[in-house]
Amino acid sequence: MEKERPTYYDQVFAVTRAVPKGRVTTYGAIADFLALGSARMVGWALNKVAYGMGVPAHRVVNRKGELSGRVHFSPPSRMQELLEQEGIVVENDQVRDFRELLWIPAEYLSQEDFDED
DNA sequence: ATTGTGACATACG
DNA sequence: CCGTATGCCACAA
């Protein structure tokens, strides 16, 4: 077996997958939980997978609650549809009651508790 | 090693 | 609200 150390992607994927249905999180929140660098890395990592590994990337939005990453979906409207399927209301490319739907991994998960695999 | 890139965040004017 | 600047740092070439 080829030994593979956890890459930054895996961290982001794991946390993203941990986001409860009907909730959303932000790049900054994930980055903060990982305590690794910046939110940019999160979006960049998601771009590599883009739902390819079963990662609900549609639950990740920017700090304003906007679907900033929808352009990376196929089609872009896919992101909003997925969110609406989970009961999230999206208006003007922004999540309604985003503040209430926001799920911060750092407040629910522990780096010890969460495993990458 | 260096440069370019990026689904962000924050600060400033 | 908008544009600009800077920080952030993993990864590809």
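Proteins come first, then strands; the chains are lettered A, B, ... in the order of their sequence lines, and each starts at number 1. What you are looking at is a predicted structure, and each value in this text was computed from that prediction instead of being measured.
You'll find the side chain of A:Tyr108 stays beyond 4.5 Å of the side chain of A:Pro20, heavy atoms only. With contacts defined as side-chain heavy-atom distances shorter than 4.5 Å, the pair A:Gln80/A:Asp93 qualifies. By the 4.5 Å heavy-atom criterion applied to side chains, A:Lys21 and A:Arg59 are counted as neighbours.
Computed from coordinates, the A:Ile30 CD1 to C:dC9 P distance equals 17 Å when rounded to whole Å. Across the protein-nucleic acid pair, A:Tyr8 atom OH and C:dC9 atom P stand 9 Å apart, rounded to whole Å. The CZ-C1' distance, from A:Phe13 to C:dC11, rounds to 13 Å in whole Å. For A:Asp10 and C:dA10, the CG to C1' distance is 13 Å, given to the nearest whole Å. If you take CZ of A:Arg40 and C1' of C:dG7, they are 8 Å apart, rounded to a whole angstrom. As rounded to whole Å, 19 Å separates atom C1' of B:dC8 from atom CZ of A:Phe33. In this entry the distance linking NZ of A:Lys64 with P of B:dA11 reads 14 Å, nearest Å. Separating the CG atom of A:Leu34 from the P atom of C:dC8 is a distance of 17 Å, rounded to the nearest angstrom.
Within 4.0 Å (heavy atoms only), A:Ala31 reaches no atom of the nucleic acid at all. Counting non-hydrogen atoms under 4.0 angstrom, A:Tyr9 reaches the backbone sugars and phosphates but no base.
Summarising the hydrophobic clusters (Ile, Leu, Val, Met, Phe, Trp, Tyr; side-chain heavy atoms under 4.5 Å, direct or chained), the residues clustered with A:Val95 are A:Val24, A:Val61, A:Leu67, A:Phe73, A:Met79, A:Leu82, A:Leu83, A:Ile88, A:Val90, A:Phe98, A:Leu101, A:Leu102, A:Ile104.
Picking from B:dA7, B:dG6, B:dA9 the nucleotide with the shortest atom distance to the side chain of A:Thr26 gives B:dA9. For A:Tyr27, taking side-chain heavy atoms from C-beta onward, the closest of the listed nucleotides B:dA7, B:dT10, C:dC8 is B:dA7. Side-chain atoms of A:Thr7 lie closest to C:dC11 of the nucleotides B:dG6, B:dA7, C:dC11.
OP1 or OP2 of B:dT10 lies within a sub-4.0 Å distance of a side-chain N or O belonging to A:Arg63.
With P as the reference atom, B:dC12 and C:dC8 are 15 Å apart, rounded to whole Å.
In this structure, A:Trp44 CH2 and A:Asn47 CG are separated by 10.0 Å, a value rounded to the nearest 0.5 Å. Residue A:His72 holds its NE2 atom at 10.0 Å from CG of A:Leu46, rounded to the nearest 0.5 Å. Between atom NE2 of residue A:His58 and atom CD of residue A:Gln85 there is a gap of 7.5 Å, rounded to the nearest 0.5 Å.
Contact check of residues 41-48 of chain A against DNA chain C (heavy atom, cut-off under 4.0 Å) returns A:Met41, A:Trp44.
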